[in-house]
Structures are given as structure tokens and as C-alpha cells.
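First comes the structure, then the notes that go with it.
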Amino acid sequence: METLCELAFERAVELIRDRPQVYYRHGVWNAYYQRSTADVITSIMRSGYGADVYEKDGDLYVSVPADCDMW
């Protein structure tokens, strides 16, 4: 996977906003699943840390850390 941004708010939203769906996970130990981009943007903006965005084979993957990931 290619890293496009790390722990970012605005940059993460910019990268995904033109896609109808992206792969998403909340917490680094959880699996990715497809979710609507509008819902993922809301999750990014409500998170305390922003999101990492990765690209693999043309798909975008958004990882939002949970509080327990940061301690």
C-alpha cells in the first residue's frame, strides 16, 4: 500500500471526496470494509486524530485510529 497522508484531516478529505465509497477501518486492529465516502468524511472530522489514507490497486483505504491505538 502506498501512503498518501498520515493523521490528517483536510488532506484526508481532499483525497477521498470524489469517490462514492472507500475502504474504512476504525482502530488499527480492525478489518477494512467498504463505506460511503460521506460517512467516512464525517468520521474523519469527528475523530481526535484525523486519518491515514492509503492507495492499493486504485482503491483508497482510510484508517482512523481509536483512542486505544494512541496509548
Side-chain angles (χ1 to χ4, degrees):
M1 273 194 210
E2 178 186 355
T3 303
L4 302 178
C5 73
E6 293 179 332
L7 297 180
F9 290 93
E10 295 301 323
R11 180 68 180 141
V13 171
E14 287 174 18
L15 288 166
I16 68 171
R17 76 168 141 221
D18 293 332
R19 304 278 181 117
Q21 292 187 325
V22 295
Y23 288 93
Y24 170 85
R25 72 175 178 187
H26 181 242
V28 297
W29 301 109
N30 295 317
Y32 286 99
Y33 62 95
Q34 275 195 324
R35 194 168 166 211
S36 81
T37 300
D39 289 344
V40 172
I41 288 171
T42 298
S43 295
I44 292 169
M45 298 312 289
R46 287 184 179 167
S47 77
Y49 306 103
D52 298 339
V53 179
Y54 306 98
E55 195 241 337
K56 180 181 176 187
D57 299 329
D59 291 321
L60 294 180
Y61 292 78
V62 177
S63 180
V64 173
D67 287 338
C68 62
D69 296 333
M70 304 308 280
W71 298 101

Problem - Hydrophobic cluster partners of Trp29 (side-chain heavy atoms under 4.5 Å) - result: Val28
Problem - Shortest non-hydrogen contact between Cys5 and Ala51, atoms and distance - result: SG-O, 3.9 Å
Practice task
Please list, chain by chain and in numerical order, all residues satisfying side-chain contact (heavy atoms from CB on, under 4.5 Å) with Ser47, sequence neighbours excluded.
Solution key: Phe9, Val64
Exercise for the section: Test Leu7 against Asp52 for side-chain contact (heavy atoms from CB on, under 4.5 Å), laying out the working first. Expected result: CA-CA 5 Å; Leu7 297 180; Asp52 298 339; 3.8 Å; yes
Practice task
Please identify each residue that fulfils side-chain contact (heavy atoms from CB on, under 4.5 Å) with Asp59, with sequence neighbours left out.
Solution key: Tyr23, Tyr61
Handout entry: Glu14: partners by salt bridge (Lys or Arg N to Asp or Glu O under 4.0 Å), with sequence neighbours left out
Key = Arg11
Exercise for the section: Determine whether Tyr32 and Tyr24 make a side-chain contact, defined as any pair of heavy atoms from C-beta on separated by less than 4.5 Å. Expected result: no
Handout entry: Residue list, side-chain contact (heavy atoms from CB on, under 4.5 Å) with Glu55, at least two apart or on another chain
Key = Glu2, Leu4, Leu60
Handout entry: Closest heavy-atom pair and its distance - Ala31, Arg25
Key = O-CB, 3.6 Å
Fill in the blank from the handout: Heavy-atom nearest pair, Ile44 first then Ala12, reads CD1-CB, 4.1 Å
Practice task
For Pro65 and Tyr49, work out which heavy atoms get closest and say how close.
Solution key: CG-CB, 3.7 Å
Exercise for the section: Could you tell me which non-hydrogen atom of Val13 sits nearest to which non-hydrogen atom of Met45, and how far apart they are? Expected result: CG2-SD, 3.9 Å
Exercise for the section: Under the side chain to side chain donor-acceptor pair (under 3.5 Å) rule, collect the residues that match up with Asp39, sequence neighbours excluded. Expected result: Ser36
Problem - Qualifying residues under side-chain contact (heavy atoms from CB on, under 4.5 Å), relative to Thr42, sequence neighbours excluded - result: Arg46
